[in-house]
Amino acid sequence: MAITVKTADGATHQIEPGTSAVQCLKAAGQMNKRIIAAKINDRAVDLSAPLTEDCSVAPIAMESPEGLEVIRHSSAHLMAQAVKRLFPETQVTIGPVIDNGFYYDFSRKEPFTPEDLERIESTMREIIKADYPVTREEWPRDQAVDFFREQGEHYKVEIINGIPEPNVSLYRQGEFVDLCRGPHVPSTGRIPAVKLTSLAGAYWRGDSRNEMLQRVYGTAWASKSDLEAYLKRIEEAKQRDHRRLGQQLDLFSLHPIAPGSPFFHPKGAVVYNLLVQYMRSLYARYGYTEVVTPLIYKTELWKTSGHYDAFRDDMFLMKLDDDEYGVKPMNCPGHCYLFATRKYSYRDLPVRFADFSRLHRFEPSGTLAGLTRVRSMAQDDAHIYCTPDQMDAELEHFVALTREVYETFGFQRVDVSVQTRPEKFLGRVELWDAAEAALQRVAERTGYPVTVLPGEGAFYGPKIGFDFRDVLERSWTLATVQIDCAMPERFQLEYVTSEGSVATPVMLHRAVLGSLERFIAILLEHTAGHLPLWLAPVHARVLTLTERTESYGREVVELLRQAELRAELDDRNEKLGYKIREAQLQKVPYMVVVGDREAADRMVAPRQSSGGTMDPMSLDTFVKHLKAEAVPGRSI
RNA sequence: GCCCGUGUAGCUCAGUUGGCAGAGCGCCGCACUUGUAAUGCGAAGGUCGUCGGUUCGAUUCCGACCGCGGGCUCCA
């Protein structure tokens, strides 16, 4: 009895049941050497998978997203086989596909060395050359458990014990057998380009109480040239690493005397302060009031807020006299005290307390990284206290502010996530449910794609995160808004309602840029150091041609400064080409050449770092041009 | 905090059978007076991350600690 198979070209074929996907694709003229797997009814399978009933069949080419996934998964097996050959005492655990590649976690007493990586890679090449067929086998669970137990593969035994099905699938290539769902390439020779990239430690099942395994990362592609292109992209990303740019452009530095606590140099501080100034200008329009609050409090404060229990180990604490004090890691509890200093009527709400205070968190040493993970930072932080009726409008108000900021920076690719109640939480469940519903409503109205991340909320309330995707395709959470389900009650905050009774206000936590440090890091990498003109530490560098134009050069700098433009002078005894090169490398947006010709007519000869020379113009015209352009949102 | 790697001049980096430490750029000085991405010459500059061990002798070998990098865990 034949079955009916539909192929991707729309044709139908009558074939014998048990015919393999590859035979069917061949018969349909859809098979070529780029095809490494197939889809049966949209499910990825091996080329050798039998067709047992009416279905549709489509080829998977190696360069397609699904094809790359197959290649990468097979590469993980390839690596595991090589490791077992070279180091038979090693236990294999799991080896999944990740963005651009794969990894495999191994359990072994002796750590792998970088030299081992080279040996593993060369063994992988041998296995590719041997071109072992990769075959799928279905085994009863118990038999598979016995098999892996005999092999000493205790992690595999643990994995199978967690699988409910009566049968499991194993894949065999040469002497190597691994538990795996598949699908895989038909033979090891079909892996076109693979390279091991790094070594790392990783806890078994991602739990720090478990054994530390050794993770080997690799990358795999449909062709050698794709692999090379990927490695080149990685290399280019390194060139725009904010830590590198921070040093090259003299923006900030980190010193062992204060781990994770950046020193902003004069030029970096310009960027930092301009961001603050920009947010302040928006706050004026959006009805925020800025407050200045203490850095150090008695720890009672965080005992009330609940932070002490959850984050005590991550705070800078000190014992003085008979009291314990702490440096604040966040502003919210302080703002609650501020709110409680007077009695608010419903007519006064909402109040929006903005605070650019520095915050200190004793982050674990292993997590510190440049400006993206620090112990000392500031946020464009604010807390909003409002009535329950005002909550939706306040959330919308925040979204509008966020949208305006993103437009100014030209951030277009944004996703929204709704993060719900975690296992450990404070406050009443009914408050949480209402808050999550409100966030869901607002998230959907933003027009950005929305995903829900269950259990990812803060311990005191659910949140929305706005994730921005940068030019390097990395996703960063910038803005967040959280509804607090715990603190208003714990701090016994109140306002007087229209009926004259007292009620608990709703409290929102929110930031648009997030940490200023991290925002600067992201902006630097996104723009490769070419900050928009309004944020550039130096708008223009005046380059004198000879000693004869020094005094005119000084005059030009002075005039630019009087116009509140950031200008500096390069009057060194060097050739123009040299000065240009240096200003270009410093990514100064405008260079202003002043030679005898310009000095004679009180002109300047500007040059843009982005686009070469401009026609000479009067000093006045140049100032006007710069003033008009150095405005948030005008230049991106 | 855990795993691996790493730490030499302001910056980028050389420096293995363990024997007084090197280059380029920059800084400083001198000459040149320069027209859109590197002018030439000269001089200065280093407790080789810190502490301890092995050794006649340690930048080099070993250990601990600190910092940094790549990951893991965490991220109010």
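Reminder, nothing fancy here: chain letters follow the sequence lines and each chain counts from 1.
Salt bridge status for A:D314 with A:R361: absent, with no side-chain N to carboxylate O gap under 4.0 Å. Under a 4.0 Å N-O distance rule, the pair A:K298/A:E324 does not qualify as a salt bridge. Between A:E517 and A:R358 there is a salt bridge, since at least one side-chain N of the basic residue sits less than 4.0 Å from a carboxylate O of the acidic one.
In this model, the phosphate group of B:C4 is not approached by any side-chain N or O of A:R108 to a distance below 4.0 Å at OP1 or OP2.
Using modelled atom types, one finds no donor on one side chain facing an acceptor on the other under 3.5 Å when comparing A:N100 with A:T219.
In the set B:G1, B:G35, B:A76, B:G1 carries the atom at the smallest distance from any side-chain atom of A:S365. Closest to the side chain of A:E547, from the set B:A76, B:G5, B:U33, is B:U33. Side-chain proximity of A:I580 to B:A76, B:U36, B:G70: nearest is B:U36. Between B:G35, B:U36, B:A76, one nucleotide has an atom nearer to the side chain of A:F459 than all others, and that is B:A76. When distances are taken from the side chain of A:P259 to each of B:C68, B:G5, B:C75, the shortest belongs to B:C68.
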Watson-Crick and G-U pairing of RNA chain B, under 3.5 Å, as dot-bracket with | and [ ]: (((((((..((((.....[..))))..((((.......))))......(((((..]....))))))))))))....
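Here A:Y325 pairs with nothing under the ring pair (Phe, Tyr, Trp, His ring centres under 6.0 Å) rule; sequence neighbours left out.
Each salt bridge (Lys or Arg N to Asp or Glu O under 4.0 Å) pair with one or both residues in residues 203-212 of chain A, not counting sequence neighbours, appears once here: A:E158-A:R205, A:D207-A:R209.
Two residues are said to be in side-chain contact when any heavy atoms from C-beta on lie closer than 4.5 Å; A:P333 and A:F491 meet this criterion. A heavy-atom distance below 4.5 Å is found between the side chains of A:D309 and A:R312. Side-chain contact between A:L543 and A:V592 is absent, with no heavy-atom pair separated by less than 4.5 Å.
Using a 30° and 60° split on the angle between ring planes, A:H73 and A:H77 fall in the perpendicular class, above 60°.
Atom C1' of B:G35 sits at a distance of 27 Å from the matching atom of B:C28, rounded to the whole Å. B:C65 and B:G46 have their P atoms separated by 31 Å, with the value rounded to a whole Å.
When heavy atoms are screened at a 4.0 angstrom cut-off, A:K463 is found touching the sugar-phosphate backbone but no base atom. Using a 4.0 Å heavy-atom criterion, one finds that A:D596 contacts the bases of the nucleic acid, with or without backbone contacts as well. Within 4.0 Å of A:A458, counting heavy atoms only, lie sugar-phosphate atoms of the nucleic acid but no base atom. Within the nucleic acid shown, A:P329 comes within 4.0 Å of at least one base atom, counting heavy atoms only. At a threshold of 4.0 angstrom between heavy atoms, the contacts of A:R243 are confined to the sugar-phosphate backbone, with no base atom among them.
In this structure, the side chain of A:T546 engages the main chain of A:R548 through a donor-acceptor pair within 3.5 Å. Distance alone, capped at 3.5 Å, is enough to place a donor-acceptor pair between the A:T123 side chain and the A:R119 backbone.
Taking 3.5 Å as the limit, the base of B:G35 and the side chain of A:E598 contain a donor-acceptor pair of atoms between them.
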For nucleotides 39-47 of chain B, print each protein N/O atom paired with a nucleotide N/O atom at under 3.5 Å, atom names and distance only.
none

Protein N or O to nucleotides 71-74 of chain B N or O, pairs below 3.5 Å:
residue: B:G71; atom: O3'; partner: A:Y217; partner atom: OH; Å: 3.1
residue: B:G71; atom: O2'; partner: A:Y217; partner atom: OH; Å: 3.3
residue: B:G71; atom: O6; partner: A:G366; partner atom: O; Å: 3.3
residue: B:C72; atom: O4'; partner: A:G201; partner atom: O; Å: 3.1
residue: B:C72; atom: O2'; partner: A:Y203; partner atom: N; Å: 3.1
residue: B:U73; atom: O2'; partner: A:S208; partner atom: OG; Å: 3.4
residue: B:C74; atom: O2; partner: A:R373; partner atom: NH2; Å: 2.8
residue: B:C74; atom: N3; partner: A:R373; partner atom: NH1; Å: 3.1

In B/S/- notation (B base, S sugar-phosphate only, - none; protein heavy atoms under 4.0 Å), nucleotides 8-15 of chain B written 5' to 3' is ---SS---
